[in-house]
Amino acid sequence: MSAASLLPITSAAIANKYCVEARGGEEVSDYIIKAENIKKYFGGVKALDGVNLEIKKGEIHCLAGENGCGKSTIINIISGFYTLDSGTIEIDGTKYEKMNPKQAIANGIQVIYQDLSLFPNLTVMENLAINMEVAASRKFVSKARMRKIAEAAVAKIGFKIDLDETVENLTVGMRQMIAISRALLNDAKLIIMDEPTTAITKREVKSLFKIIKQLQAQGIAVLFVSHKLDEVFEIAERFTIFRSGKNVASGNTSELDQNKFTYYMTGREIISSHYEYTRENAQNVLEVKNLSLKNGFKDVSFSLKQGEIVGITGLLGSGRTELAETLFGYHAADSGEIFIEGKKVEIRSIKQGIENGIGYLPSDRVTEGLFLSQPIVDNISIEKWHDYANCLGKIDRTQIEKMTEHWAKELSIALHNIEDPVGTLSGGNQQKCVLAKWLALDLKVLILNGPTVGVDIGAKFDIYELVKRLAKHGLTVIIISDDLPEVLTNCNRVMVMQSGRLVETLSTQGLDESRLAELAN
Amino acid sequence: MNLQKTVKSTEFYVALIILLLCMAIQMKSGQFFTGNNLVDVVRAFSVPAMFCIGEMFVIITGGVDVSFPAIASLSMFFVCSELEEVASNPLFFFLVAMLIGLAVGLLNGVIIARFRFPALIVTLGTSSICFGIMQGVFKSREYPLCEPLKELGEMKLFSATNPVSGLTSNMPVAVILMIVLVFLGWFILNRTMLGRGIYAIGGDVKAAQRSGFNVFGILLFIYAFSGCMAGLIGVLRSTMLLAVHPNNLEGMEMTVIAACVLGGVRMTGGKGSVLGALLGMALLTIVDNSLILLGISTIWQKVFTGAIIIIGTAASAMQTKRNERKLAIKMNEGGK
């Protein structure tokens, strides 16, 4: 809290510093960038319909909006990768009608893409120095020169790293630091970070924020693209929100609250309610005794009642994913027992997992949960093919189409045609397809691993509502998540894992977020 | 620290296996570390080793080139059969062969780099075209080597005679070219920005583009280089055999790719060293050449080669997996 209240003062101080310079110099703008009335079309499709984006020097500005709202388009325009169709861009008082990437970089604009644009196979040193070396049109490699550049880059944000380590051996958080320090090499004045917190742990988010503040203290402005409200509040001073290629709101983050933020992003009022669990005397659906998996988790015991929604939280690598995968049958446990509805069962393969009524929504839906290039109908119906095939194995298409349409309606999946590849859908709708696949089976337990990662706010709440409705009808749900508010509002109990052990099981009733955060870390 | 890294590398394991194999052969037969056997091994090693350099460039960018045996055969047969009357300087033969190789390599490069077609399919296509032209247009057959090249082929650096068996083996001049080419390959990969570009493309094409690398140019270069070298090596091969065998190189692409992978060149791109690829090739050559000294019938050589390829690639795949697990543990501990 104290950090947040200090923020305006620091930024004001920085703004003052620039004002003084402005008076002394010729004509210096308060804004590092002013994009006005930007329009951009792709074919006939309007991606940006006259948006404005103004970023002051040395401020931390948040750009928010749902997928497809034009966030990435504006980033690509500011960085010069797209040419705009109409509108003006003013950088530090100079107007540009057209800009190419080189000009953008020369003006101190640096983008850190979501994929970080690093070379996983090269060393930290090479990753840091290579852009400079290419820009200087070097022909030969000089290790000494590269090391010098790399050391200078690392010194900019002052973090410790082995320059000779290969980047693929580093955590995502570390890779982000490398990308940031590389961006700083070119005398950056504005750093654009495209959803930098999606793939990193809470702890890494903290150190990232520290660095962002550090950059601000050096007078560097940061455009922070995110749709996580808590982050926006914590780090940004001002915000701009886009919806469908238009500005919907901008201002100071202090004027913003959860409901307004969601409303601006989605255009609808969303009220989230805490999940109340009412069947205290329901029977145990899943019971686990002393379950262990080598290199995964140890001596895990718990029991879940029918209709419960239980959260599992803990750091990446705490064994939570391995636990879920073991319950589903992806790994075979080394020791311990699993009981379904009081009966001891063997789950040593995915087939056995499914037979015992367990469904699993993997954390990476793109590689583990869906066949992206295959039609929506096949993705949703795949687990039911056996039931709809005749003795020769021919699948009854009309049956599975009917089933798909039923679930598409039930989960309000926004689709044009069920024969479209599932990869053409948005993240939220893809996730709903994975859910539909499991719901088509008669499950007893559904395990959701990071169900709303990379999913829009609107679709996120749809998924929450759906999960709660299913639980009310008697499905037992496990939600594995880093997102503590998500766990607190949607689960009636939460289990905390640490280094492969289940350390705490709590009721979410009256549980404080900061207390849970403390336990989880 | 550095010693630790060396011990963990694929190159170290392959070198160790080569050493053990050599010792085993020596102990069983007493014939491995004899002058003429070593010369024979180097002879057999030199041509595929040169192919390895071009191939590893391509594999490091994430592609694969299966057309070089066809390019080598076509240019070899063309210069030997068509230029016999025209020229007498061996250099001219090499030059024309390299130009033919360059042309086919450029064709590969343009199609792959410009249109982003899968390299395997494109080079499979050009390979077929080259063999087709050779057989159809030039009516390829076994052909005697023309005089200027024959003279070159009969030149030798030195010869080694086995005192026991009385067999003599000659060290061909081509070995010098191999050394030059290996050095050139190493130099490009490690000491030039072009080499960094090759690794960068294999690591992440998009990132390479954003960094300002000329991705099209680099891809064009590696396929052209591979083709050009194939032309050269083709003629060299005929001088070593003292005859033109148009189908002699067929199937070589698989051996070369296997050697690269065995030596730690990653099929998906981005990783690999000249030393590794050469060690891989050396291991395959020794198995191929010297198992007979162990008293193992030639029929079993293919089985051994296959087994070594599978075991070797499995070992490096397991190494990668172990590293991944370590990363997970590191993340976990970092969180404490």
Side-chain angles (χ1 to χ4, degrees), chain A residues 79 81 101-102 105 111 113 115-123 126-127 129-143 146 162 164-174 179 182 200-204 207 295-296 314-319 321-322 497-500 520-521, chain B residues 1-2 4-5 8-9 59-62 186-215 217-218 264-273 319-336:
Chain A
S79 59
F81 278 97
K102 272 205 173 133
I105 290 168
V111 186
Y113 292 92
D115 63 13
L116 301 180
S117 262
L118 294 178
F119 303 103
N121 56 328
L122 300 184
T123 63
E126 289 171 323
N127 267 288
I130 212 157
N131 286 7
M132 296 285 272
E133 294 288 274
V134 173
S137 312
R138 303 269 186 212
K139 291 279 171 283
F140 298 103
V141 176
S142 154
K143 286 248 157 98
M146 280 189 153
D162 177 7
D164 296 314
E165 184 61 270
T166 311
V167 166
E168 64 193 347
N169 295 335
L170 298 172
T171 60
V172 183
M174 273 299 202
R182 186 179 63 181
I200 60 177
T201 61
K202 287 259 163 204
R203 183 173 294 260
E204 288 171 327
S207 48
N295 285 333
L315 296 168
L316 276 177
S318 61
T321 297
E322 286 80 357
M497 286 191 76
Q498 232 175 50
S499 315
N521 290 316
Chain B
M1 188 62 216
N2 246 337
Q4 242 180 2
K5 265 189 186 162
K8 271 190 211 151
S9 66
I59 297 182
I60 290 174
T61 61
W186 174 85
F187 185 80
I188 290 177
L189 276 182
N190 293 292
R191 286 285 178 266
T192 66
M193 284 305 282
L194 172 66
R196 291 299 96 185
I198 292 173
Y199 280 105
I201 290 174
D204 190 335
V205 183
K206 221 173 173 180
Q209 235 154 6
R210 285 184 193 142
S211 293
F213 279 112
N214 179 357
V215 173
I218 293 172
V265 181
R266 200 184 283 171
M267 266 326 266
T268 46
K271 280 262 140 135
S273 70
Q319 185 85 17
T320 320
K321 217 163 192 183
R322 213 176 306 147
N323 285 345
E324 269 169 23
R325 178 57 89 180
K326 261 188 213 143
L327 183 63
I329 293 168
K330 205 193 291 174
M331 283 172 76
N332 192 9
E333 282 168 354
K336 263 182 206 164

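Please read these numbers as outputs of a predicted model, since none were measured by experiment. In the text below, chain A, chain B and the rest are named by the order of the sequence lines, each starting its count at 1.
- With hydrogens and angles disregarded, no donor-acceptor distance shorter than 3.5 Å links the side chain of A:Asn121 to the backbone of B:Gly269.
- In terms of the side-chain hydrogen bond (donor to acceptor under 3.5 Å, both in side chains) criterion, B:Asn190 has no residue partners (sequence neighbours excluded).
- Neither the backbone nor the side chain of A:Leu116 comes within less than 4.5 Å of any heavy atom of chain B.
- The shortest distance between side-chain heavy atoms of A:Glu168 and B:Lys271 falls below 4.5 Å.
- For A:Asn127, no part sits under 4.5 Å from any heavy atom of chain B, backbone or side chain.
- Chain B forms more heavy-atom pairs under 4.5 Å with one residue of A:Leu118, A:Val134, A:Val111 than with any other, namely A:Val134.
- A donor-acceptor pair is defined here as one N or O able to donate and one able to accept, closer than 3.5 Å; such a pair exists between the side chain of B:Thr192 and the backbone of B:Gly195.
- For A:Ser137, no part lies under 4.5 angstrom from a heavy atom of chain B.
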